[in-house]
Amino acid sequence: MGTKWETVIGLEIHVELKTKTKIFCACPHEFGARENTHVCPVCLGLPGALPVLNKEVVTDAVLAGLALNCTIELYSKFDRKNYFYPDLPTAYQITQYDQPICRQGYLEIDCSGKKRQIRINRIHLEEDAGKLLHSGTSITTSQYSLVDYNRAGIPLIEIVTEPDLRSPEEARLFLEQLHALLEYSGVSDVKMAEGSLRCDANISVRPFGVQELGVKTEIKNMNSFRALEKALLYEVARQKAVLEAGEIVESETRTWEENEGRTAVMRSKGEATDYRYFPDPDLVPVVLEAEWVAALKDTLPELPQARKQRFIKEFELSAYDAGVLISSRVLAEFFEQTVALYNEPKEVANWIMVEYLGLLNAHNLEIGDSKIKPAQLAGLLQRQKEGKISGKIAKKVFAEMFQSGQDPEEIIKEKGLLQISDEAALVLIVEQVITANSQSVEDYRGGKKKALGFLVGQVMKETKGRANPGLVNKLLKEKL
Amino acid sequence: MSVLLDLAGHQLQDLLEKEEISHLELFQTYWARLQSVEPQLKALLTTMEREAKAQAEKLDEQRRGGAVTAPLAGIPLVLADNLCTEGVQTTCASRMLQDFRPPYEATLVGKLRQAGALFMGKSNLAEFDLGLTTEDSAFFATHLPDSSEVACSGAVAALLGREAVGAISNASLNTAGLFGLKPTAGLLSRYGVITATSSLKRLGCLTRNLTDCALILQTICGFDQRDSLSLKRPVLDYRSFLKKDLKGLRIGIWGEITPVLKEISEKLQGEGAICQTVSLAYEQVLLPVYQVLVAAEASSNLARFDGVRYGLRVEAPDLETLYRKTRSQGWGKVVKQQIIEGTYFLSAQQYETYYLKALKLRALIKEEMAQLWGKYDCLLTSLAQTAECPGRILADLTGEPALALPWGSVVALAPFCGEEVLFKVGASLERSYQEGGASHGD
């Protein structure tokens, strides 16, 4: 078609802060606890109960703001967002409406070599609601619903970007890099699978060159980085098709249906609720001191970009390799701890990126869930270097380590995988193989180089892969 | 025995200390009286005979074992029915909370309990304290013996005539012959107090004499970490303020000067105070500002009553019907009206016209009072003949303390944490009226 379309995307990200207790009461903050066991009069909204702000929540919000280069507002306050729903115990959510705690920050992302600065409009504090479980298969047909209030009152920060993202790919990259940044800052576990990181998108298209924004739709229910990209790709195509057919895009909230691979209407934006925001009269404003904020800034740990540069410089890694290693704080630390014990950064980097990440992906695990410790990997690589095991065996041992968490020496001993480098022992086997494979011997002597490979293979078979391949090669050549 | 009913709380304490009467005897005297008048009065929604008796017996046992040091040991009190009492029905005089037994107790209740007070029962009030009289209670109206309309705490007042020494209640300051102290906002913990409003209509204590008032206040005030608006202030020896003199005290007389108010100001001048009439620039807007803020806060604070977790639930086939039926049947007319008005005031289109403006005016009112307190130490005003008392409204809007006097419906106001002035003035008048007599009428 004629028109060239530009995609415009803004993201709203909710992040659960990793505090010990909830935002307005002393209930423990713990994932996976039995239903309604971490509740009290305050987070149940019992009559007469009152909220009291958890200081750690403010600290974490400010840290997140500092990591995102925001202006920290020294004065902010809480407002009530009023609406009725069974997962909201007081029938209002305590949030920050017009005076949020952080404003105007940015996150720099790397999109195919191009550096882009994505602006953050604001970060504000709010409380989470409880969790609803509907009987049956869908909310519209269920007979009853159950409410679990463990999650009610869990502290959240909401990060709102400006509509600076220009493609679904950029949006995914932004979320991945925001994820890493927040993980590094220590304020959250940011596990999308557990709900401690949730992302909604606002997306519209407009003809290239036009300044005005097109009609946007809100997309929800994207539960992974990949889902985010897929959903947005779908939505861009959908909106383009609508506009090219001469129709207008409806302002709607749409949900991503993973199984069907499409977005579907949840509700029309026209029915927007009036939340009757007003300052919460049970709470006092949050007033920060500039010195306190400055001191907090000094406590920020090394953030992803800084660490990436350091890896490139200190360990002489490529930008790509460094980028992969710093993508998760746990991964980066694993790398560094291994290198501290076995000083071959390039080798360790390769091993992690190929073998380790390969296994993690195949089993759908995060590095934090794996049993392998840096000392164990260091030990394995050390043994490989010393020739105690071959490269092939090393990979086998590693796979075993991944399953059982055992030390490499134990596995090598148990399975008898020590490399055979004893010449005398090997000579015997080599001679056996030569005797048993006269045809191949003929072939080799006749000029077929490939036959050597076959003979090496036979020796390896006899030794169950433990023979030192280099030595086998040498001995065979000598004997033939 | 009926002599006991006439004694002040601190006098009863003396008798108990000297072991001239036992705690159980005291309890039984008061309980008997309550039983005899309550059927006509209907001042209580719940009586707490078992709990009070148990407390009395426990105290007697303690005395046998040694001294009893709890500051309010054995003093019979009544609690307004919007204070959460663990395991004991707390209804706010509303069908919405009929049979609601809180799983926790209000901080104030805990303090009183640990101080050894006997809770005789939970008193009637206007539903969620959103009306003026107990006519607005969901259950029944309380009537003084002469059948006059009784204000929320008048129910308690009636009861206090003989049946309790004091009460913790919504000091609506229509107190029919009692002292009603509403301390500075933040001195008393709000945790566990069920209110429709957050920043208005505070709790206070009602007593027959000022010494008991000071005694009770000393026991219940203090920082509570479960209330974000709680003040971190040392607990003062309020009883010591009762003896202080009034020389040079600057008193402003605000509003209509009734005969009783005139008499009072003359008595005070006799003690060395200087009285002058004052007027407030924002007098006219006090009521509308108050009404907007009360309705707005109520509309939000009452939203949690939805039939989902506690209180009344009217079973329904779907969620919205559940909400609608429960809230329609759970509230009385006055409450519903407040919720509707408050929702309107907070709605996006009206917010600036009503709520925001009310907030701004409130700030201006506070500012004016701050100026005023530079020139005066205390204000006296008479309850208007209209329904809402400007003195109480002013105290609610500023958060400053107020003391309702038992004579002529006069209210004394003081600046932030100015309870000392209130006790000084009140005590001086108490002495004067006790000696000289003169009007006790309303």
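Per chain, numbering begins at 1; letters A, B, ... match sequence-line order.
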Proximal component of P102(B), with respect to chain A [non-hydrogen, under 4.5 Å]: neither
Flag if over 12 foreign heavy atoms under 6.0 Å of NZ, K336(B): yes
N301(B) portion near chain A, given a 4.5 angstrom heavy-atom threshold: both
Proximity breakdown for Y351(B) and chain A, heavy-atom pairs closer than 4.5 Å: side chain
Heavy-atom check, side chain of D282(A) versus side chain of R190(B), under 4.5 Å: yes
Centroid separation Y355(B) to F278(A) less than 6.0 Å: yes
Where L229(B) and P281(A) come nearest, the two heavy atoms and their spacing: CD1-O, 3.3 Å
Option that, when pairs with chain A are counted at under 4.5 Å, heavy atom only, ranks first among T90(B), T197(B), D306(B), L319(B): L319(B)
side-chain hydrogen bond (donor to acceptor under 3.5 Å, both in side chains) partners of T353(B), counting only residues at least two apart: none
Region of V308(B) that comes under 4.5 Å of a non-hydrogen atom in chain A: side chain
CZ (R103(A)) with more than 12 external heavy atoms under 6.0 Å: yes
Heavy-atom neighbours of Q104(A) CD exceed 12 at 6.0 Å: no
Under 4.5 Å from any heavy atom of chain A - which part of Q350(B): neither
Residues in residues 341-348 of chain B that sit under 4.5 Å from chain A, counting heavy atoms only: T343(B), L346(B), S347(B), A348(B)
Chain B neighbours within residues 33-61 of chain A, where any heavy atom lies under 4.5 Å away: P41(A), V42(A), L44(A), G45(A), L46(A), P47(A), G48(A), A49(A), L50(A), P51(A), V52(A), L53(A)
Chain A contacts, top residue of R304(B), Q225(B), R226(B) (heavy-atom pairs, under 4.5 Å): R304(B)
Residues in residues 72-102 of chain A near chain B [non-hydrogen atoms, under 4.5 Å]: R80(A), N82(A), F84(A), Y85(A), P86(A), P89(A), T90(A), A91(A), Y92(A)
Selection from E320(B), R327(B), Q349(B) maximising heavy-atom pairs under 4.5 Å formed with chain A: R327(B)
Which atoms of Y277(A) approach chain B - backbone, side chain, both or neither, heavy atom under 4.5 Å: backbone
